[in-house]
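Everything numeric here is computed off the predicted structure, so don't read it as measured data. Just follow the structure's listing: the first ligand is 1, and inside any ligand the first atom is 1.
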Amino acid sequence: MLKGKSILLGVSGGIAVYKAAELVRLFVKAGASVHVVMTANAQKFVTPLTFQALSNNAVGSDLFSMESESQISHIQKARMADLVVLAPATANLMAKMAAGIADDYLTTILLATTAPVLVCPAMNVKMWEHPATQRNLRTLAELGYRIQPPAAGFLACQEEGAGRLADIEDIVESAIRLLTPPTLTGRSVLVSAGPTHEHFDPVRFLSNPSSGKMGYALAKIAARRSAKVCLVSGPCSLDAPAQVERICVTSAIEMRDVILKISSKQDAIVMTAAVSDYRPSEKAAHKMKKSPEGLSVLLEPNPDILASLGAIKPPGQVLVGFAAETENLAQNAKDKLIRKNLDFVVANDLTRQGAGFAYDTNEVKIIERSGETSDLSVMTKEEVASQIWDRVERLLSGGQK
Ligand code: PMT
């Protein structure tokens with residue numbers, strides 16, 4: 001995700017400094033080259049050696065170092081960064097930034113850089129709520145700094161409230177987002193995900209093993225590309241991706257009602273949900289008793305949401321379906337492409353290892369209306385999602401259908 005990117009991590013002095021070490025590890029794991037700059041106070045909490053070992057790069061801290069400043073290293077560092085992340089950012093650092101003060105290595109770099117800067121504050125709740133800090137925060141936002149708000153919870157100072165450094169994973173996600181070209185800016189997209197539950201009594205239902213991973217990956221990647229994302233999700237245990245509006249539903253009928261209500265406003269719709277094709281004709285009001293004769297449940301067909309969308313598709317909208325198959329993959333998928341009036345179909349062979357339900361990976365064929373077929377090798381569901389959005393973007397910009 002961050003391959004080839006250079007991140008400058010500015011660490012100022014607060015108890016959350018130890019969490020910044022984990023942040024370095026995650027940035028490096030995502031492929032970034034990380035350069036850490038520490039304030040003098042930050043070094044009182046964790047030594048530069050820790051950050052040097054984790055980043056594999058020398059840690060900058062001394063504006064007057066005879067060695068590094070012979071190359072004017074603070075200006076070089078300011079130039080080479082694709083992104084600057086300040087974590088933790090103390091109230092003092094934020095105040096200096098708001099005032100334009102440059103009196104140490106880190107604040108000098110902050111005035112000299114033209115890279116986007118993500119500020120991740122961490123401090124005592126009273127310091128966070130202080131009008132001066134809040135005023136500085138507003139000033140930083142006006143100056144174009146991106147703010148990752150602190151989380152609320154139990155703080156190191158034994159007080160409760162806002163001031164904890166945001167979750168490290170959320171900071172990484174924000175960094176990835178800031179470094180992702182905003183190719184879906186101004187676009188509204190809808191993604192459906194997960195299974196549906198079709199109840200025949202209050203505690204039993206008909207469903208399938210969809211985990212929601214494929215749909216959530218699609219929502220996450222679209223949000224990274226700056227789309228306005230609505231995720232209509234069947235029951236699953238995943239957290240909503242950052243910057244995504246999630247609407248939770250249970251049954252196919254509920255999913256259809258939600259989707260049809262907002263479908264006309266969407267530039268693109270991707271139906272990943274494993275919608276149950278049938279639902280019980282009746283639902284008992286109470287838990288059905290076990291009977292030695294067994295149980296017969298009469299099923300009736302559910303509406304086909306994707307086919308309905310295909311029938312009312314407004315001009316210019318891109319409609320994408322999935323096809324989950326266990327035989328005749330390409331032929332069955334092509335039939336769905338035509339029958340449901342899709343722009344392209346993503347065919348999933350459920351018999352393959354590493355593909356389909358619940359895996360973190362998928363192996364799909366993408367079949368376009370022209371008949372052109374791309375066989376994608378096994379890759380993460382996020383990578384599959386990127387491939388899908390690349391094609392959606394091409395179609396939205398008037399590319400060949
Ligand atoms: O959630 P995961 O664990 O990550 O698994 C991902 C997945 C296997 C669920 C996903 O990759 C996938 O293949 N989704 C489609 C599942 C499916 O229902 O396939 P289908 O061939 O039965 O349906 C074809 C298309 O019609 C799908 O886009 C489906 O969303 C849609 N459909 C189906 C039935 C119905 N009543 N209404 C629909 O809109």
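- A donor-acceptor pair shorter than 3.5 Å can be found between the side chains of Thr196 and Glu198.
- Partners of Asn124 under the side chain to side chain donor-acceptor pair (under 3.5 Å) rule, at least two apart in sequence or in another chain, are Glu159.
- Taken to the nearest 0.5 Å, the CG atom of Leu396 stands 7.0 Å off from the CG atom of Leu184.
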For residues 247-254, run the donor-acceptor check on the side chains, cut-off 3.5 Å, and write out each pair with its distance to 0.1 Å, sequence neighbours left out.
residue	atom	partner	partner atom	Å
Ser251	OG	Glu254	N	3.2
Glu254	OE1	Thr250	N	3.4

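- Pairs passing the ring-ring contact (aromatic ring centres under 6.0 Å, His included) check and including a residue from residues 107-149, sequence neighbours excluded, do not occur.
- With no hydrogens or angles considered, a side-chain donor-acceptor pair links Gln387 and Arg391 at under 3.5 Å.
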Report all N/O contacts between ligand 1 and the protein shorter than 3.5 Å as a table of atom names and distances to 0.1 Å; if there are none, say 'none'.
residue	atom	partner	partner atom	Å
ligand 1	1 (O)	Ser210	OG	2.6
ligand 1	1 (O)	Ser211	N	3.2
ligand 1	1 (O)	Gly212	N	2.8
ligand 1	3 (O)	Ser211	N	2.7
ligand 1	3 (O)	Ser211	OG	2.6
ligand 1	3 (O)	Ala358	N	2.6
ligand 1	4 (O)	Lys213	N	3.3
ligand 1	4 (O)	Met214	N	2.8
ligand 1	4 (O)	Lys381	NZ	2.7
ligand 1	11 (O)	Asn348	OD1	2.5
ligand 1	13 (O)	Asn348	OD1	3.0
ligand 1	14 (N)	Thr272	O	2.9
ligand 1	19 (O)	Ala324	N	3.4
ligand 1	21 (O)	Ala324	N	3.1
ligand 1	21 (O)	Lys336	NZ	2.5
ligand 1	26 (O)	Lys340	NZ	3.0
ligand 1	28 (O)	Met271	O	2.8
ligand 1	28 (O)	Phe322	N	3.0
ligand 1	28 (O)	Phe322	O	3.2
ligand 1	30 (O)	Ala273	O	2.6
ligand 1	36 (N)	Pro303	O	3.0
ligand 1	37 (N)	Ile305	N	3.1
ligand 1	39 (O)	Ile305	N	3.4
ligand 1	39 (O)	Leu306	N	2.8

